[in-house]
Amino acid sequence: MLAELVCFETSCRARYPVDRVLYSCPECGGLLEVDYTGTWPEAKVLQRRWRERRLQNHPLEQSGVWRYRELYPFVEDTSHVVTLREGNTPVLEAPLAASYAGLRRLGFKHQGFNPTGSFKDNGMTCGVTQAVRLGMRRVACVSTGNTSASMAAYASAAGLQSIIFIPYGNISYGKLAQALEYGARTLQVEANFDQILALVRVLAERLGIYLLNSINPFRIEGQKSIMVELMDQRDWQAPDWIVLPGGNLGNTSAFGKALREMKQLGLIERIPRLAVIQASGAAPFYDLVREPEGARLKAVEHPETLATAIKIGDPVSWPKALLEVKASGGVVEKVTEQEIADAKAQIGRCGIGCEPASAATLAGIRKLVEAGTIRSDEDVVAVLTGNVLKDPDYIYRYHTGQLKAPDGTFIRPTYGNQPVVAPNDADQIARLLE
Ligand code: F0G
(Lines give C-alpha, C1' and ligand atoms only; values in the text may rest on other atoms or scores of the structure.)
Protein backbone atom coordinates (compact mmCIF):
# COMPACT_ATOMS: atom_id res chain seq x y z
CA MET A 1 0.00 0.00 0.00
CA LEU A 2 1.44 3.40 -1.00
CA ALA A 3 0.93 6.15 1.60
CA GLU A 4 1.26 9.79 0.52
CA LEU A 5 0.38 13.21 1.82
CA VAL A 6 -2.18 14.91 -0.38
CA CYS A 7 -3.39 18.50 -0.30
CA PHE A 8 -6.99 18.68 0.85
CA GLU A 9 -7.86 21.60 -1.49
CA THR A 10 -9.77 20.22 -4.49
CA SER A 11 -8.19 22.86 -6.75
CA CYS A 12 -4.66 21.69 -5.79
CA ARG A 13 -4.44 18.01 -4.72
CA ALA A 14 -0.60 18.14 -4.81
CA ARG A 15 1.03 14.95 -3.46
CA TYR A 16 4.10 14.53 -1.27
CA PRO A 17 5.98 11.58 0.24
CA VAL A 18 5.05 10.75 3.85
CA ASP A 19 8.63 11.14 5.01
CA ARG A 20 8.65 14.89 4.35
CA VAL A 21 8.08 17.08 7.41
CA LEU A 22 5.01 19.04 6.30
CA TYR A 23 2.00 20.48 8.11
CA SER A 24 0.40 22.29 5.17
CA CYS A 25 0.70 22.19 1.38
CA PRO A 26 3.86 23.98 0.16
CA GLU A 27 2.00 24.77 -3.10
CA CYS A 28 -1.16 26.41 -1.80
CA GLY A 29 -1.06 26.36 2.00
CA GLY A 30 -3.99 23.92 2.21
CA LEU A 31 -4.45 21.24 4.87
CA LEU A 32 -2.81 17.88 4.22
CA GLU A 33 -4.22 14.41 4.65
CA VAL A 34 -2.74 10.93 4.39
CA ASP A 35 -3.96 9.09 1.31
CA TYR A 36 -3.41 5.46 0.37
CA THR A 37 -3.18 3.81 -3.05
CA GLY A 38 -3.37 0.05 -3.50
CA THR A 39 -5.71 -2.81 -2.78
CA TRP A 40 -7.27 -3.00 0.67
CA PRO A 41 -7.78 -6.38 2.29
CA GLU A 42 -11.34 -7.70 2.21
CA ALA A 43 -13.68 -6.42 4.90
CA LYS A 44 -14.56 -9.88 6.23
CA VAL A 45 -10.87 -10.81 6.47
CA LEU A 46 -10.09 -7.64 8.41
CA GLN A 47 -13.03 -8.04 10.77
CA ARG A 48 -12.00 -11.57 11.65
CA ARG A 49 -8.31 -10.69 11.99
CA TRP A 50 -9.08 -7.76 14.33
CA ARG A 51 -11.22 -9.96 16.57
CA GLU A 52 -8.46 -12.56 16.84
CA ARG A 53 -5.92 -9.91 17.75
CA ARG A 54 -7.96 -8.93 20.82
CA LEU A 55 -6.97 -12.21 22.42
CA GLN A 56 -3.25 -11.65 22.03
CA ASN A 57 -0.73 -10.18 24.46
CA HIS A 58 1.59 -8.42 22.03
CA PRO A 59 1.65 -4.65 22.75
CA LEU A 60 0.48 -3.83 19.22
CA GLU A 61 -2.57 -6.08 19.54
CA GLN A 62 -3.36 -4.73 23.00
CA SER A 63 -3.55 -1.21 21.60
CA GLY A 64 -7.04 -0.18 20.45
CA VAL A 65 -5.31 1.86 17.77
CA TRP A 66 -2.64 -0.45 16.34
CA ARG A 67 -4.90 -3.50 16.35
CA TYR A 68 -6.56 -1.79 13.37
CA ARG A 69 -3.28 -0.83 11.71
CA GLU A 70 -4.40 -1.92 8.21
CA LEU A 71 -6.44 1.32 8.13
CA TYR A 72 -3.39 3.60 8.53
CA PRO A 73 -0.66 1.71 6.71
CA PHE A 74 1.92 4.53 6.69
CA VAL A 75 4.13 2.62 9.17
CA GLU A 76 6.04 -0.15 7.41
CA ASP A 77 8.26 -0.96 10.38
CA THR A 78 6.20 -1.52 13.52
CA SER A 79 9.32 -1.33 15.73
CA HIS A 80 8.80 2.47 15.51
CA VAL A 81 5.42 2.26 17.21
CA VAL A 82 5.11 4.09 20.53
CA THR A 83 2.14 2.71 22.46
CA LEU A 84 0.73 3.06 25.97
CA ARG A 85 -2.11 0.61 25.13
CA GLU A 86 -4.39 3.49 24.13
CA GLY A 87 -7.96 3.04 22.93
CA ASN A 88 -9.88 0.02 24.26
CA THR A 89 -12.47 2.47 25.56
CA PRO A 90 -15.95 1.24 26.45
CA VAL A 91 -19.35 2.07 25.01
CA LEU A 92 -21.53 2.66 28.07
CA GLU A 93 -25.32 2.59 28.06
CA ALA A 94 -26.74 5.56 29.96
CA PRO A 95 -30.50 5.33 30.53
CA LEU A 96 -30.63 8.39 32.80
CA ALA A 97 -28.82 10.57 30.29
CA ALA A 98 -31.00 9.18 27.51
CA SER A 99 -34.16 10.24 29.29
CA TYR A 100 -32.62 13.65 30.09
CA ALA A 101 -32.05 14.15 26.36
CA GLY A 102 -35.48 12.75 25.36
CA LEU A 103 -34.05 9.61 23.75
CA ARG A 104 -35.06 6.01 24.25
CA ARG A 105 -31.44 4.87 24.35
CA LEU A 106 -28.06 6.53 24.40
CA GLY A 107 -24.53 5.13 24.38
CA PHE A 108 -21.39 6.97 25.44
CA LYS A 109 -18.11 6.02 23.78
CA HIS A 110 -15.88 7.14 26.65
CA GLN A 111 -12.46 8.27 25.49
CA GLY A 112 -11.67 9.38 29.02
CA PHE A 113 -10.64 5.77 29.70
CA ASN A 114 -7.42 6.36 27.74
CA PRO A 115 -3.93 6.29 29.37
CA THR A 116 -3.80 10.09 29.77
CA GLY A 117 -7.56 10.46 30.11
CA SER A 118 -8.60 11.81 26.72
CA PHE A 119 -9.15 10.91 23.06
CA LYS A 120 -5.89 12.63 22.19
CA ASP A 121 -4.01 9.40 22.98
CA ASN A 122 -5.59 7.69 19.96
CA GLY A 123 -3.98 10.29 17.71
CA MET A 124 -0.81 10.90 19.68
CA THR A 125 0.39 7.31 19.44
CA CYS A 126 0.39 7.77 15.63
CA GLY A 127 1.85 11.29 15.73
CA VAL A 128 4.74 10.34 18.00
CA THR A 129 5.35 7.15 16.02
CA GLN A 130 5.70 9.31 12.90
CA ALA A 131 8.11 11.64 14.80
CA VAL A 132 10.24 8.59 15.61
CA ARG A 133 10.10 7.38 11.99
CA LEU A 134 11.27 10.79 10.82
CA GLY A 135 14.14 10.81 13.32
CA MET A 136 12.88 13.95 15.10
CA ARG A 137 14.30 14.61 18.58
CA ARG A 138 11.90 17.28 19.84
CA VAL A 139 8.13 17.58 19.56
CA ALA A 140 5.87 20.55 20.33
CA CYS A 141 2.23 21.54 20.50
CA VAL A 142 -0.05 24.31 21.62
CA SER A 143 -2.90 23.00 23.67
CA THR A 144 -5.96 23.68 25.76
CA GLY A 145 -4.54 20.92 27.97
CA ASN A 146 -5.32 17.45 26.71
CA THR A 147 -3.08 17.42 23.65
CA SER A 148 -0.18 18.61 25.79
CA ALA A 149 -0.80 16.00 28.52
CA SER A 150 -0.95 13.28 25.89
CA MET A 151 2.06 14.51 23.89
CA ALA A 152 4.14 14.81 27.06
CA ALA A 153 3.41 11.19 27.98
CA TYR A 154 4.05 9.69 24.54
CA ALA A 155 7.17 11.79 23.94
CA SER A 156 8.66 10.67 27.24
CA ALA A 157 7.74 7.06 26.52
CA ALA A 158 9.63 7.40 23.23
CA GLY A 159 12.62 9.20 24.75
CA LEU A 160 11.86 12.44 22.91
CA GLN A 161 11.91 15.91 24.41
CA SER A 162 8.52 17.64 24.52
CA ILE A 163 7.83 21.33 24.55
CA ILE A 164 4.30 22.47 25.25
CA PHE A 165 2.74 25.89 24.82
CA ILE A 166 -0.42 26.62 26.79
CA PRO A 167 -2.57 29.72 27.20
CA TYR A 168 -1.53 31.09 30.58
CA GLY A 169 -4.26 30.68 33.21
CA ASN A 170 -6.66 29.05 30.77
CA ILE A 171 -6.21 25.33 31.19
CA SER A 172 -7.33 23.14 34.05
CA TYR A 173 -4.81 22.20 36.74
CA GLY A 174 -5.36 18.50 36.15
CA LYS A 175 -4.05 18.81 32.60
CA LEU A 176 -1.19 21.16 33.50
CA ALA A 177 -0.19 18.79 36.29
CA GLN A 178 -0.04 15.87 33.86
CA ALA A 179 2.32 17.71 31.50
CA LEU A 180 4.65 18.59 34.38
CA GLU A 181 4.62 15.05 35.74
CA TYR A 182 5.33 13.51 32.33
CA GLY A 183 8.34 15.81 32.04
CA ALA A 184 7.39 18.32 29.34
CA ARG A 185 9.16 21.66 29.02
CA THR A 186 6.11 23.83 29.73
CA LEU A 187 5.66 27.39 28.46
CA GLN A 188 2.62 29.31 29.66
CA VAL A 189 2.14 31.97 27.01
CA GLU A 190 0.18 35.16 27.64
CA ALA A 191 -2.06 34.73 24.59
CA ASN A 192 -5.04 32.61 23.54
CA PHE A 193 -4.92 29.20 21.79
CA ASP A 194 -5.32 30.60 18.28
CA GLN A 195 -2.56 33.19 18.72
CA ILE A 196 -0.18 30.62 20.19
CA LEU A 197 -0.80 28.16 17.33
CA ALA A 198 0.36 30.79 14.83
CA LEU A 199 3.45 31.37 17.00
CA VAL A 200 4.27 27.68 17.34
CA ARG A 201 3.96 27.05 13.59
CA VAL A 202 6.70 29.63 13.04
CA LEU A 203 8.87 28.29 15.86
CA ALA A 204 8.57 24.64 14.76
CA GLU A 205 9.91 25.55 11.33
CA ARG A 206 12.69 27.75 12.69
CA LEU A 207 13.90 25.31 15.36
CA GLY A 208 13.28 22.03 13.54
CA ILE A 209 10.82 20.78 16.14
CA TYR A 210 8.10 18.33 15.10
CA LEU A 211 4.64 19.85 15.50
CA LEU A 212 1.95 17.60 16.95
CA ASN A 213 -1.20 19.70 16.80
CA SER A 214 -4.13 18.23 14.91
CA ILE A 215 -3.00 19.95 11.69
CA ASN A 216 -0.51 17.07 11.77
CA PRO A 217 -2.25 14.57 9.45
CA PHE A 218 -0.80 11.53 11.25
CA ARG A 219 -2.67 12.45 14.45
CA ILE A 220 -5.87 12.45 12.42
CA GLU A 221 -5.03 8.96 11.14
CA GLY A 222 -4.79 7.72 14.74
CA GLN A 223 -8.05 9.36 15.79
CA LYS A 224 -9.83 7.40 13.06
CA SER A 225 -9.46 4.40 15.35
CA ILE A 226 -12.12 5.81 17.71
CA MET A 227 -14.75 5.20 15.03
CA VAL A 228 -13.27 1.89 13.91
CA GLU A 229 -13.22 0.51 17.45
CA LEU A 230 -16.77 1.77 18.00
CA MET A 231 -18.04 -0.05 14.91
CA ASP A 232 -16.16 -3.20 15.94
CA GLN A 233 -17.83 -3.01 19.37
CA ARG A 234 -21.21 -2.69 17.63
CA ASP A 235 -20.53 -5.65 15.30
CA TRP A 236 -20.22 -3.22 12.38
CA GLN A 237 -23.75 -1.84 12.74
CA ALA A 238 -23.50 1.93 12.31
CA PRO A 239 -25.71 4.09 14.57
CA ASP A 240 -27.92 6.87 13.17
CA TRP A 241 -25.90 9.63 14.83
CA ILE A 242 -22.43 10.23 16.20
CA VAL A 243 -22.32 13.29 18.47
CA LEU A 244 -19.07 15.01 19.46
CA PRO A 245 -17.81 18.33 20.79
CA GLY A 246 -16.06 20.65 18.32
CA GLY A 247 -13.02 22.79 19.15
CA ASN A 248 -10.15 22.80 16.70
CA LEU A 249 -12.22 20.30 14.64
CA GLY A 250 -9.52 17.64 14.31
CA ASN A 251 -11.75 14.94 15.72
CA THR A 252 -14.64 15.84 13.39
CA SER A 253 -12.20 15.53 10.46
CA ALA A 254 -10.86 12.19 11.72
CA PHE A 255 -14.30 10.68 12.37
CA GLY A 256 -15.55 11.72 8.93
CA LYS A 257 -12.50 10.28 7.17
CA ALA A 258 -12.79 7.03 9.13
CA LEU A 259 -16.47 6.62 8.33
CA ARG A 260 -15.97 7.32 4.63
CA GLU A 261 -13.11 4.87 4.41
CA MET A 262 -14.98 2.16 6.36
CA LYS A 263 -17.95 2.56 4.00
CA GLN A 264 -15.63 2.37 0.99
CA LEU A 265 -14.03 -0.84 2.29
CA GLY A 266 -17.41 -2.41 3.01
CA LEU A 267 -16.82 -2.53 6.77
CA ILE A 268 -20.06 -0.63 7.38
CA GLU A 269 -23.13 -0.30 5.18
CA ARG A 270 -23.98 3.33 5.81
CA ILE A 271 -22.43 6.48 7.21
CA PRO A 272 -23.95 7.83 10.43
CA ARG A 273 -24.76 11.54 10.64
CA LEU A 274 -22.25 13.66 12.56
CA ALA A 275 -23.57 16.20 15.06
CA VAL A 276 -20.87 18.61 16.20
CA ILE A 277 -21.58 20.62 19.34
CA GLN A 278 -19.81 23.86 20.23
CA ALA A 279 -19.93 26.11 23.28
CA SER A 280 -21.93 29.23 22.40
CA GLY A 281 -19.04 31.56 23.30
CA ALA A 282 -16.68 29.73 20.93
CA ALA A 283 -18.88 28.67 18.02
CA PRO A 284 -17.38 29.83 14.70
CA PHE A 285 -18.17 26.48 13.05
CA TYR A 286 -21.82 26.76 14.07
CA ASP A 287 -21.91 30.16 12.35
CA LEU A 288 -20.08 28.88 9.26
CA VAL A 289 -22.58 26.12 8.43
CA ARG A 290 -25.34 28.73 8.42
CA GLU A 291 -23.54 30.82 5.77
CA PRO A 292 -24.15 30.34 2.03
CA GLU A 293 -22.14 27.66 0.15
CA GLY A 294 -18.50 28.62 -0.35
CA ALA A 295 -18.25 30.88 2.73
CA ARG A 296 -15.04 30.84 4.76
CA LEU A 297 -14.87 30.53 8.54
CA LYS A 298 -14.96 33.82 10.43
CA ALA A 299 -12.84 33.50 13.55
CA VAL A 300 -14.26 34.44 16.95
CA GLU A 301 -11.62 36.84 18.23
CA HIS A 302 -12.24 36.39 21.94
CA PRO A 303 -13.62 32.88 22.47
CA GLU A 304 -15.15 32.35 25.91
CA THR A 305 -16.27 29.19 27.69
CA LEU A 306 -15.64 27.38 30.96
CA ALA A 307 -15.20 24.25 28.86
CA THR A 308 -11.58 25.33 28.32
CA ALA A 309 -10.79 22.29 26.13
CA ILE A 310 -12.94 23.81 23.35
CA LYS A 311 -12.14 27.48 23.97
CA ILE A 312 -10.98 27.98 20.38
CA GLY A 313 -12.06 30.79 18.05
CA ASP A 314 -10.18 29.95 14.86
CA PRO A 315 -10.25 26.16 14.31
CA VAL A 316 -7.63 25.18 11.75
CA SER A 317 -9.32 22.03 10.46
CA TRP A 318 -12.59 23.71 9.46
CA PRO A 319 -12.34 22.91 5.71
CA LYS A 320 -12.04 19.18 6.45
CA ALA A 321 -14.70 19.27 9.15
CA LEU A 322 -17.12 21.14 6.88
CA LEU A 323 -16.76 18.53 4.15
CA GLU A 324 -17.23 15.68 6.63
CA VAL A 325 -20.33 17.18 8.26
CA LYS A 326 -21.88 17.76 4.84
CA ALA A 327 -20.87 14.32 3.50
CA SER A 328 -22.59 12.67 6.47
CA GLY A 329 -25.74 14.80 6.29
CA GLY A 330 -24.75 16.12 9.70
CA VAL A 331 -25.49 19.22 11.76
CA VAL A 332 -23.71 21.70 14.03
CA GLU A 333 -25.34 22.96 17.24
CA LYS A 334 -24.24 25.26 20.04
CA VAL A 335 -25.05 25.16 23.75
CA THR A 336 -24.82 27.59 26.68
CA GLU A 337 -22.61 27.36 29.76
CA GLN A 338 -25.64 26.45 31.90
CA GLU A 339 -26.66 23.68 29.48
CA ILE A 340 -23.14 22.21 29.48
CA ALA A 341 -22.89 22.30 33.29
CA ASP A 342 -26.27 20.62 33.84
CA ALA A 343 -25.63 17.97 31.19
CA LYS A 344 -22.29 17.23 32.80
CA ALA A 345 -23.91 16.67 36.19
CA GLN A 346 -26.40 14.30 34.53
CA ILE A 347 -23.55 12.28 33.01
CA GLY A 348 -22.03 12.15 36.48
CA ARG A 349 -25.31 10.83 37.92
CA CYS A 350 -25.11 7.94 35.46
CA GLY A 351 -21.95 6.88 37.29
CA ILE A 352 -19.97 7.80 34.20
CA GLY A 353 -18.70 11.40 34.46
CA CYS A 354 -16.65 13.43 32.00
CA GLU A 355 -14.94 16.77 31.62
CA PRO A 356 -16.93 19.91 30.67
CA ALA A 357 -16.23 19.93 26.90
CA SER A 358 -17.43 16.33 26.62
CA ALA A 359 -20.75 17.20 28.24
CA ALA A 360 -21.55 19.58 25.39
CA THR A 361 -22.61 16.39 23.57
CA LEU A 362 -25.50 15.58 25.90
CA ALA A 363 -26.59 19.23 26.04
CA GLY A 364 -26.52 19.31 22.24
CA ILE A 365 -28.49 16.08 21.85
CA ARG A 366 -31.17 17.40 24.17
CA LYS A 367 -31.49 20.52 22.03
CA LEU A 368 -31.52 18.57 18.77
CA VAL A 369 -34.18 16.16 20.05
CA GLU A 370 -36.30 19.07 21.23
CA ALA A 371 -36.00 20.65 17.77
CA GLY A 372 -37.01 17.35 16.10
CA THR A 373 -33.65 17.01 14.30
CA ILE A 374 -32.86 13.80 16.19
CA ARG A 375 -35.89 11.52 16.67
CA SER A 376 -36.33 9.97 20.09
CA ASP A 377 -36.15 6.43 18.70
CA GLU A 378 -32.92 6.97 16.80
CA ASP A 379 -29.71 5.14 17.62
CA VAL A 380 -27.29 7.72 19.05
CA VAL A 381 -23.69 7.44 20.25
CA ALA A 382 -22.06 10.43 21.94
CA VAL A 383 -18.29 10.56 22.31
CA LEU A 384 -17.12 11.65 25.75
CA THR A 385 -13.72 13.09 24.98
CA GLY A 386 -12.16 13.50 28.44
CA ASN A 387 -12.09 12.01 31.94
CA VAL A 388 -14.11 13.41 34.86
CA LEU A 389 -10.90 14.12 36.85
CA LYS A 390 -9.47 16.46 34.22
CA ASP A 391 -11.19 19.47 35.79
CA PRO A 392 -12.17 18.88 39.45
CA ASP A 393 -12.24 22.60 40.19
CA TYR A 394 -15.18 23.07 37.80
CA ILE A 395 -17.03 20.20 39.49
CA TYR A 396 -16.57 21.50 43.01
CA ARG A 397 -17.68 24.99 42.04
CA TYR A 398 -20.78 23.71 40.21
CA HIS A 399 -21.99 21.57 43.08
CA THR A 400 -21.42 24.33 45.63
CA GLY A 401 -22.97 27.11 43.55
CA GLN A 402 -19.69 28.94 42.98
CA LEU A 403 -19.25 28.33 39.25
CA LYS A 404 -19.10 31.65 37.45
CA ALA A 405 -19.74 31.92 33.69
CA PRO A 406 -17.42 34.08 31.55
CA ASP A 407 -20.04 36.89 31.58
CA GLY A 408 -19.78 37.05 35.39
CA THR A 409 -23.14 35.42 36.20
CA PHE A 410 -23.29 32.33 38.38
CA ILE A 411 -24.21 28.95 36.89
CA ARG A 412 -27.28 27.51 38.71
CA PRO A 413 -26.37 24.23 40.47
CA THR A 414 -29.55 22.62 39.08
CA TYR A 415 -28.28 19.16 40.02
CA GLY A 416 -25.94 20.39 42.75
CA ASN A 417 -24.65 18.02 45.41
CA GLN A 418 -23.24 20.11 48.23
CA PRO A 419 -20.85 18.36 50.65
CA VAL A 420 -21.83 18.67 54.31
CA VAL A 421 -19.43 19.48 57.13
CA ALA A 422 -20.22 17.14 60.03
CA PRO A 423 -19.16 17.15 63.68
CA ASN A 424 -17.22 14.19 65.09
CA ASP A 425 -20.33 12.85 66.82
CA ALA A 426 -22.27 9.66 65.95
CA ASP A 427 -25.65 10.94 67.26
CA GLN A 428 -25.50 14.18 65.37
CA ILE A 429 -24.41 12.41 62.16
CA ALA A 430 -27.18 9.82 62.56
CA ARG A 431 -29.70 12.68 62.89
CA LEU A 432 -28.22 14.37 59.84
CA LEU A 433 -28.70 11.22 57.77
CA GLU A 434 -32.28 10.54 58.87
N1 F0G B 1 -12.98 17.58 24.01
C2 F0G B 1 -11.84 17.66 24.68
C3 F0G B 1 -11.79 17.07 26.05
C4 F0G B 1 -10.70 18.27 24.12
O5 F0G B 1 -9.57 18.33 24.79
C6 F0G B 1 -10.81 18.84 22.82
C7 F0G B 1 -9.68 19.51 22.20
C8 F0G B 1 -12.04 18.73 22.16
C9 F0G B 1 -13.09 18.10 22.77
C10 F0G B 1 -12.22 19.26 20.80
O11 F0G B 1 -11.65 18.45 19.83
O12 F0G B 1 -10.19 20.11 18.73
O13 F0G B 1 -10.62 17.89 17.71
O14 F0G B 1 -12.43 19.61 17.80
N15 F0G B 1 -8.61 19.78 22.79
C16 F0G B 1 -7.40 20.32 22.12
C17 F0G B 1 -6.24 20.32 23.08
C18 F0G B 1 -7.58 21.50 21.31
O19 F0G B 1 -5.32 21.15 22.91
O20 F0G B 1 -6.18 19.50 23.97
P21 F0G B 1 -11.20 19.04 18.43
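Worth knowing before you read on, the calculation uses all heavy atoms, side chains too, and leaves out hydrogens, waters and symmetry mates. For ligands, and for the atoms within them, numbers begin at 1 and follow the listed sequence.
Looking only at atom types and distance, the side chain of Ser358 has a donor-acceptor partner in the side chain of Thr385 under 3.5 Å away. Defined by atom type and a distance below 3.5 Å, a donor-acceptor pair is present between the side-chain atoms of Tyr36 and Glu221. Checking Asn146 against Glu355 by side-chain atom types alone, a donor-acceptor pair falls below 3.5 Å. For the residue pair Gln346/Asp342, the side-chain donor-acceptor check at 3.5 Å is not satisfied.
Atom 8 (C) of ligand 1 has its closest protein heavy atom at Ile310 CG2, 3.6 Å. Looking only at protein heavy atoms, the nearest one to atom 1 (N) of ligand 1 is Thr385 OG1, 2.7 Å. Nearest to atom 15 (N) of ligand 1 among the protein's heavy atoms is Lys120 NZ, 3.0 Å. For atom 13 (O) of ligand 1, the closest non-hydrogen atom of the protein is Asn251 N, 2.8 Å. Atom 5 (O) of ligand 1 has as its closest protein heavy atom Asn146 ND2, 2.8 Å. Considering only non-hydrogen protein atoms, atom 4 (C) of ligand 1 sits nearest to Ala309 CB, 3.5 Å. If you check which protein heavy atom lies closest to atom 12 (O) of ligand 1, you get Asn248 N, 2.7 Å. Shortest contact from atom 20 (O) of ligand 1 to any protein heavy atom: Thr147 N, 2.8 Å.
The only member of Met262, Met227, Arg234, Gln237 that meets side chain to side chain contact (heavy atoms under 4.5 Å, CB included) when paired with Ile268 is Met262. Only one option out of Leu249, Leu322, Asn251, Thr252 pairs with Ser317 in a side chain to side chain contact (heavy atoms under 4.5 Å, CB included); it is Leu249.
In Ile312, the part holding a heavy atom less than 4.0 Å from any atom of ligand 1 is the side chain. Counting heavy atoms under 4.0 Å from ligand 1, residue Ala357 touches it through the side chain alone. The part of Glu355 lying near ligand 1 is the side chain, judged by heavy-atom distances below 4.0 Å. Heavy atoms of Thr252 found under 4.0 angstrom from ligand 1: none, in either backbone or side chain.
In terms of heavy atoms, Leu306 sits closest to Asp391 at O-OD2, 4.5 Å.
Contact analysis leaves Ser214 out of contact with ligand 1, as no non-hydrogen atom separation drops below 4.0 angstrom. Residue contact annotation: Ser118 has no non-hydrogen atom under 4.0 Å from ligand 1.
Taking distance alone, with nitrogen or oxygen atoms compared against 3.5 Å, Ser358 stays at or beyond that limit from ligand 1.
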Take Glu70 and Trp50 through the test side chain to side chain donor-acceptor pair (under 3.5 Å) and record every step on the way to the result. CA-CA 10 Å; Glu70 284 82 355; Trp50 292 336; 3.0 Å; yes
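Crowding of Arg290 atom CZ: a count of heavy atoms from other residues, nucleotides or ligands under 6.0 Å exceeding 12. In this structure, Arg137 places its CZ atom where only 12 or fewer heavy-atom neighbours from other residues, nucleotides or ligands lie under 6.0 Å away.
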